[in-house]
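What follows is one structure encoded as structure tokens, with my remarks underneath.
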Amino acid sequence: MSGKSVLIIGGGAAGLESAAQLISLGYKPVIVEKEESLGGNIKNWDRLFPDGIEAKAVLDGLLKRSSFSDIYLNSNVIEVKNSNSNFTVTLSNNNVVKADSILITTGFDVFKAERKEEYGYGIYDHVITNVDLEKFFLSKHDERINSPKKIGFVHCVGSRDEKICNRNCSKVCCVTAVKQAIELKEMFPDSQAYCFYMDLRMFNRGFEDIYLEAQSQHGVRFIRGRVSEVSEDIDKKVVVKCEDTLSSKPMKIKLDLLVLMSGMLNNSSSTQLSPVLGVKLAEDGFYKCEETIPGGNKTNVNGVFIAGTATGPKTLPETINDARSAAIEIHNYLNSTING
Amino acid sequence: MIVNGKQKIWSDYQKEIPDNHYFYVRSCIRQNFFPASEKTFLDIVRNKLGLDFFETEHHTTCGGIAYHSDSIPQETLMTIVARQFALMTESGYENYVASCITSFGIYTEVLDTWHHFPELEAKIRQMLWDSCKREFKKPTHLAHASDVIYKLRGAINQNAKHRLINRYTGKPLKVVEHIGCHYSKMFPSKGVGGAEYPYVLVGMVESWGGEIVDYPERRHCCGFGFRQYLVQANRGYSISNTHKKFESMSPFEPDMIITNCPGCPYFLDRWQYVISEMEGKTYGQNGQGIPVLTYEEVAGLVLGYNPWDLGLQIHQTNVEPLLDKIGIEYKKEDKYKL
Amino acid sequence: MADFGFSLHPSSSIDLDNADKRLYKIVSELEPDIKKCIACGSCTASCSASNLTKVSFRQAILKLDRGLSEEAVMLLKGCMLCGKCTMTCPRGINTRNIINLILRYSDNKKIK
């Protein structure tokens, strides 16, 4: 086993996958996770697009393969001393870890939908987010979901929006909306689903197939236009006003449930971590990639690497691939320092 | 409805409203539409609460109607506003309160424009000097009269003779609140509660015992505007907006409407008759219409003023059923006496 | 009634809850592929008639879906059944069949 050590900040999908790869390459990585359990955001997902694989199965596999690591839960990185790329890291519970390289896999934050006040999240009874819906699929219980007959999905909540100061597209929400529309339709066969979109980003293989399936088999209707405001009628139903751009007219509809597709924003820990590590952030708050195409896992600090959604929205397979490539980069880096 | 969801938003949009020492400017048209409202406001703050509110007979219109009807250019408007501020400075005040909501919108807009374009502010200072040899300082606080009543709602509640409770059922009155568009839709941070869920009237009603009704078209404009109704043929557009609001609020069976703009209660009050002629439909319980009151009138009723001193006899939609519900005594024969 | 000199305007917004979808229902039961339309406009772009008249198959489907069946029928009156739309539709929809169904089952007596 190699004598070199790697510290992984963030125990989500990217952190666990890179830990698993580093273990198979002969290392014993250290994972620092701020929550009380590993897994990050995928703990909240039910089934993944496009094939409906269960997120729990993926997570269990990741946890098993990375279990050889030293794991610190409920821990944050407070201070990093960098002496010629030998890192001494102080954690929040006063543990001190020495590492020869650091991997940042802090992931993303879901946009807080209450910031879009006009959609009434947290105010009107039947407005939920995509994350709430996934949790509902797992737990089968949410008092806001009550055998809905008409369901709406609002795309681009918190994404592509200058008023939120986030121009980025969160990439995965369009296909998630279509997936969730199909899943809700299967759960409530008498219901009718509407998706209010700006553009439909069905970028990967298999996505156009789900889109076609949603339309022809499940009768999901796609209305191009932004939702302007949401209010509540006397029967507690959600009244949605939007623009029907294709017919150039405003449109109004009453729904039993409205799902807001909250986007991926940068993780809030980056503002604290960036100065501690000396790693630069880009203007949108995600970490800056030094060379996006050939060296996407390197940062501006020698010995500090990055993987996963910490550099921007990604799908789960992309995150896992990125984590694997980071493991190889770290391995090559550590071997090159051995050799001189 | 999850109330603490709204409360979180209200706490984000807090506004600094001073307690005292204001320079008060009246509205052009409110004295015609609702004659006693401004008098009541001054009576409440000066005589009942002992505060310092100063007004001068030299002040003019803010120019809002002309500006919004495209009759005067922006520089003229800004010079008029500059003169108003000069009067305030000369009287030794720093807090400015406007009675009309369009005025409030104009002042906020002018101050914001001067903030972003200081060279324009310098030009207007020069123009004011050239035209009437006056100089001005910008107000440190700009409030609307409803902000002041909102700030003093606790004090008003302590002196309340009546509360907004239906004495027949013992339940709070169902109140629809309507905010003028120029209050917070243009500059959400300048309005208490922001643009989507304004709190200034909600705070007053809740403090005085009423219950607020949230209905789908709550945010919708009443249709007053200026262009829309100045020309008779365009009024169809105005009334369609009000009609939309009434259609949306009537299932909730509100007892009254409270507003904080000069034009909105005028339309909501008068158009009910026109809609009843056009559509044959009268809103409100017992087909008697939904009474529309300004916030000063509501504050006056709560403090126990005589309804006829508040000018309620001028309203087109009958206010007497509401007075009966609250339990306010009034003499029918005194209604039109001077 | 007094003559006020103005009247109430009807709302221009589409009320999806009260849209008259009878014709859409009939057509979609006989040709379910109509649900696959993504409003890309390939049909209207290649249409022989839309160069010179108001014919627009994309808009007709849209109007049908929004419950404005009369307007949908009017937009197909000049269709010459040349078949170019069927040739280009990227979703493989049988557009000719849909045009025939709309015209056949519409309430408009003048069309028949």
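Per chain, numbering begins at 1; letters A, B, ... match sequence-line order.
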Margin query: Ignoring hydrogens, what is the shortest heavy-atom contact between A:S216 and C:K35? Give both atom names and the distance.
Written below: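 Reported closest heavy-atom pair: O-NZ, 3.5 Å.
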
Margin query: Please find the pair of heavy atoms, one from A:Q215 and one from C:C37, that lie closest to each other, and give the distance.
Written below: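 Looks like NE2-O, 3.1 Å.
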
Margin query: Could you check whether any side-chain heavy atom of C:I38 comes within less than 4.5 Å of a side-chain heavy atom of A:F222, counting everything from C-beta outward?
Written below: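 When only atoms from C-beta onward are counted, A:F222 and C:I38 do not touch, as no gap falls below 4.5 Å.
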
Notebook entry, point to check: Is any side-chain heavy atom of C:Q59 closer than 4.5 Å to a side-chain heavy atom of A:L246?
Noted result: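 Not touching, per the 4.5 Å side-chain cut-off.
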
Is the number of heavy atoms from other residues, nucleotides or ligands under 6.0 Å of [X] [atom1] greater than 12?
| X | atom1 | value |
| --- | --- | --- |
| A:E143 | CD | no |
| A:R226 | CZ | yes |
| A:K252 | NZ | no |

Next item on the list: Name the option with the most non-hydrogen atom pairs under 4.5 Å to chain C; the candidates are A:R224, A:K150, A:E208, A:E243.
Entry: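 Greatest number of close heavy-atom pairs with chain C: A:K150.
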
Check: In terms of heavy-atom pairs under 4.5 Å, which option from A:L200, A:I253, A:I223 contacts chain C the most?
Finding: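 The residue among A:L200, A:I253, A:I223 with the greatest pair count is A:I253.
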
Next item on the list: To the nearest 0.5 angstrom, please state how far the CZ atom of C:R66 sits from the CZ atom of A:R221.
Entry: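 Atom-to-atom, C:R66:CZ and A:R221:CZ are 6.0 Å apart.
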
Next item on the list: Identify which part of C:D33 has an atom lying under 4.5 Å from any heavy atom of chain A, answering side chain, backbone, both or neither.
Entry: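 For C:D33, there is no contact with chain A at all, as no heavy atom is under 4.5 Å.
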
Margin query: Just to be sure I understand the criterion: a residue of residues 4-22 of chain C counts if one of its heavy atoms is under 4.5 Å from a heavy atom of chain A. Which ones qualify?
Written below: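 Contacts with chain A: C:S12, C:S13, C:I14, C:D15, C:L16, C:D17, C:K21.
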
Check: If you check every heavy atom in residues 84-93 of chain C against those of chain A, which residues fall under 4.5 Å?
Finding: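 Hits under 4.5 Å: C:R91.
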
Checklist line | Any residue meeting ring pair (Phe, Tyr, Trp, His ring centres under 6.0 Å) with A:F207, in chain and number order, not counting sequence neighbours | finding: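 Here the qualifying residues are A:F49, A:F203.
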
Checklist line | Pairs meeting criterion side-chain hydrogen bond (donor to acceptor under 3.5 Å, both in side chains) with involvement of residues 190-200 of chain A, two or more places apart | finding: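 Listed once each, the pairs are A:R160-A:D199.
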
